[in-house]
Amino acid sequence: MAAPPAPPLLLAAAAAIASLVILFLVVFACRRWWRLGGRRAVEAPPPADAVAAPVACQNEDLNRPLLENLDDRSSQSNNFPGNVAGESSKVQTNRSNTSPRSHGISDSVRVYPAESCTTQGETHVIDVTNDTSEEFHLGSTLKCTKHTNWSRPDQKHKRRVSGEDNHNGSISLKDNTYRSNLDIDVISGPSHGVSCSRQSTSPTVPITLGRVPPSDLVLKDSEVSGKHAQISWNAKTLKWEIVDMGSLNGTFLNSRAVHHPNVGSRHWGEPAELADGDIITLGSSSKLSVQISLQNQRVPAGIGMASDPMVGRRSGKKLVMEDISFCQCPLQGVEQFGLFGIFDGHGGDGAARAVSKILPENVVTLLSHHETKEKVLSYSDASDVLRYAFNMTEAAIDHEYEGCTATVLLIWFDQNKDCFAQCANLGDSACVMSVNGKMIEMTEDHRVASVTERARIARTGQALKAGEVRLNGLNLARMFGDKFLKEQDSRFSSEPYVSQAVHITKACTAFAVIASDGLWDVISTKRAVQLIVEGRERNNVDSASADEVANRILSEARNLRTKDNTSVIFVDFDILRTDHCIAK
């Protein structure tokens, strides 16, 4: 009788076991083969005649822009916010209550006669704009990589500078003695009247022309690409150059195309040199005029300048730079004098740029009159000149919704190399001097919260309410510009504070620090003086250059996490009087 068949369950189990055994043997054999030389065979280089076939990208859809027709981004509003309900604020009895800077009473200063000496000098203006990195925005185009003789933008069109960027964003003016001023004005198109300027400082931040921020010159023209073209300074050829950034509608210089031959391909064009009087056309309607002025310049010994936009409290990104620093020593045409200044803009940098050009010109104009100059030299007092220059400047500018502070230090030397220094200011930028270890406050705080400013406002018959620390949204009561606000509220003023003149003999050890409020928000004037004195003691008094001192002060503000643009000018009178342009 035949045996009964095995149950199906047992057959399935046996088959599974057999499969596992076979799989184990296969794995074991492969591992052994790999160890014995299979790996070497796989990793061996291919024969010389083996050439991989190139792979071409055929998907034309990648060439199409994403969301090509976008609404233009609206520009930043210049409307000033009113006081926030329930805002926690107190009236200052002293600036040190809300910030480290304390406002002391100026010491009385003796007046001495001065005689003139002949010197020569040039102008220096630092323009630091926010360094915006390349970012992808809506409307950017994805493009297949193709073999071409044209250079890659990320290699060929990097920012051209004569020196490397400092890690802190500060700028030294002593790297170049050749200086070029570039002014770009939109003369036709939807954005007619918009302008932008640059100095060929080191490093020089390029000007990006485009339809949307963060372009430096924003043109609300549908034919202009998001990032259309870029203008930069070539430190090797000492020329300004424009390059098309792969625009869709092309860039033309004096009606000659400077974009890539395959327009719309998103390839960058070749750089083209700019000259004074050139006309740039973006697309077909937006035309820009080019104005270039050349200067041979130098910064006298003993002058240090440093600036940093700093990082925003909320965004964590670099702020837009609205500080403008000025140095001209000696003044052209009135070589007995020198002028230093910092102009801190708000609502934009337009007012600060205008004032940095117009105010020094007005000072020179006034001092060019023989009687006026002789009066200043005889009485050692330039208060009338400074006051008139400020009034002339306010009358000359027409900025309705932009304004700026101004702090200027006027100096002059007599034939014995004794120096006289006098300061005038509007706003909350400040200047402090140290003469033989004695600290002298050279400016007055014009914030609405300061005691002196509240007293001035009270004298107008419109006293501030208790706890009121803003006028129409501004924390300043005195400034250049802001003409609209001044028309609405007569408590705003552009009348400067003018200090007494300080006499600095050759036997004195003296220096001055001028800085925007980004520094004074975190460091008191007393602390700033201490930093300089301590640095001199550690470095055997004179080993540190003026630039190093200015950058040391700037670094202290950065380390204390200031959240506002910060600019510093350091003047070492001991070294300044030894400079050959002063010592003639």
Side-chain angles (χ1 to χ4, degrees), residues 106-107 109 114 119 121 123-126 173 299-300 302-307 323-331 334 336-344 352 355-356 359-364 366-367 376 380-390 393 404-413 418-435 439-446 480 496-504 508 510-517 519-520 525 528-529 532 546 549-550 553 567-577 579 582:
S106 299
D107 299 328
V109 182
T119 52
T123 303
H124 291 273
V125 177
I126 299 180
L173 284 181
V299 175
I303 308 300
M305 306 175 75
S307 297
D323 286 0
I324 303 293
S325 298
F326 175 90
C327 164
Q328 188 174 344
C329 184
L331 279 172
V334 282
Q336 298 91 332
F337 299 84
L339 189 68
F340 313 94
I342 288 180
F343 311 94
D344 181 1
V355 172
S356 70
L359 180 58
E361 292 173 356
N362 288 334
V363 171
V364 171
L366 292 170
L367 290 174
V376 172
S380 299
D381 182 12
S383 57
D384 287 343
V385 170
L386 291 170
R387 190 171 291 108
Y388 292 154
F390 270 64
T393 302
C404 73
T405 71
T407 298
V408 297
L409 182 68
L410 180 69
I411 68 170
W412 59 96
F413 286 84
D418 284 356
C419 181
F420 299 85
Q422 196 163 14
C423 192
N425 84 288
L426 286 172
D428 55 358
S429 298
C431 173
V432 59
M433 289 185 62
S434 175
V435 182
M439 190 179 78
I440 305 174
E441 300 273 5
M442 300 293 289
T443 49
E444 184 177 79
D445 183 9
H446 294 154
F480 278 117
Y497 168 83
V498 181
S499 73
Q500 294 174 295
V502 177
H503 179 214
I504 307 168
C508 292
F511 60 82
V513 177
I514 311 169
S516 57
D517 62 328
L519 177 68
W520 309 121
T525 51
V529 171
I532 297 171
V549 174
I553 298 172
S567 298
V568 178
I569 299 177
F570 172 70
V571 183
D572 189 330
F573 292 98
D574 304 343
I575 300 177
L576 181 62
R577 64 165 54 92
D579 189 271
I582 300 294

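Note that the numbering runs from 1 along the sequence shown for the chain. FYI, side chains are in, hydrogens and waters are out, and symmetry mates aren't considered; it's all heavy atoms of this structure.
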Closest contact, heavy atoms only, [X] versus [Y]:
X	Y	value
S325	I342	OG-CG1, 3.9 Å
C419	I411	SG-CB, 4.1 Å
T443	C423	CG2-SG, 3.6 Å
S356	F326	O-CD1, 3.7 Å
W520	A515	NE1-O, 2.9 Å
T525	E441	OG1-OE2, 2.8 Å

Quick one: are [X] and [Y] in side-chain contact, heavy atoms under 4.5 Å?
X	Y	result
V571	I303	yes
S516	D323	yes
I532	F570	yes
M442	V502	yes
N425	T405	no
V363	F337	no
I504	M433	yes
L576	F413	yes

task: Determine, stepwise, if the pair F390 / V498 fulfils side chain to side chain contact (heavy atoms under 4.5 Å, CB included).
output: CA-CA 10 Å; F390 270 64; V498 181; over 6 Å; no

- request: Please state whether the rings of W412 and F420 are parallel, tilted or perpendicular, taking 30° and 60° as the class boundaries.
  value: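 Correct class here is parallel.
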
- prompt: Are side-chain N/O atoms of S429 and D344 paired as donor and acceptor at under 3.5 Å?
  reply: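 No, D344 and S429 have no side-chain donor paired with an acceptor closer than 3.5 Å.
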
Quick one: [atom1] on [X] to [atom2] on [Y], what's the gap to the nearest 0.5 Å?
X	Y	atom1	atom2	answer
S434	F511	OG	CZ	4.0 Å
F343	L426	CZ	CG	10.0 Å
C327	L409	SG	CG	11.0 Å
D418	C508	CG	SG	8.0 Å
N362	T393	CG	OG1	4.0 Å
Q422	D381	CD	CG	4.5 Å

task: Go through the steps for D572 and V549 under the test side chain to side chain contact (heavy atoms under 4.5 Å, CB included), then give the verdict.
output: CA-CA 10 Å; D572 189 330; V549 174; over 6 Å; no

task: Under the side chain to side chain contact (heavy atoms under 4.5 Å, CB included) rule, collect the residues that match up with V364, sequence neighbours excluded.
output: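 Side chain to side chain contact (heavy atoms under 4.5 Å, CB included) list for V364, sorted by chain: L331, V334, S368.
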
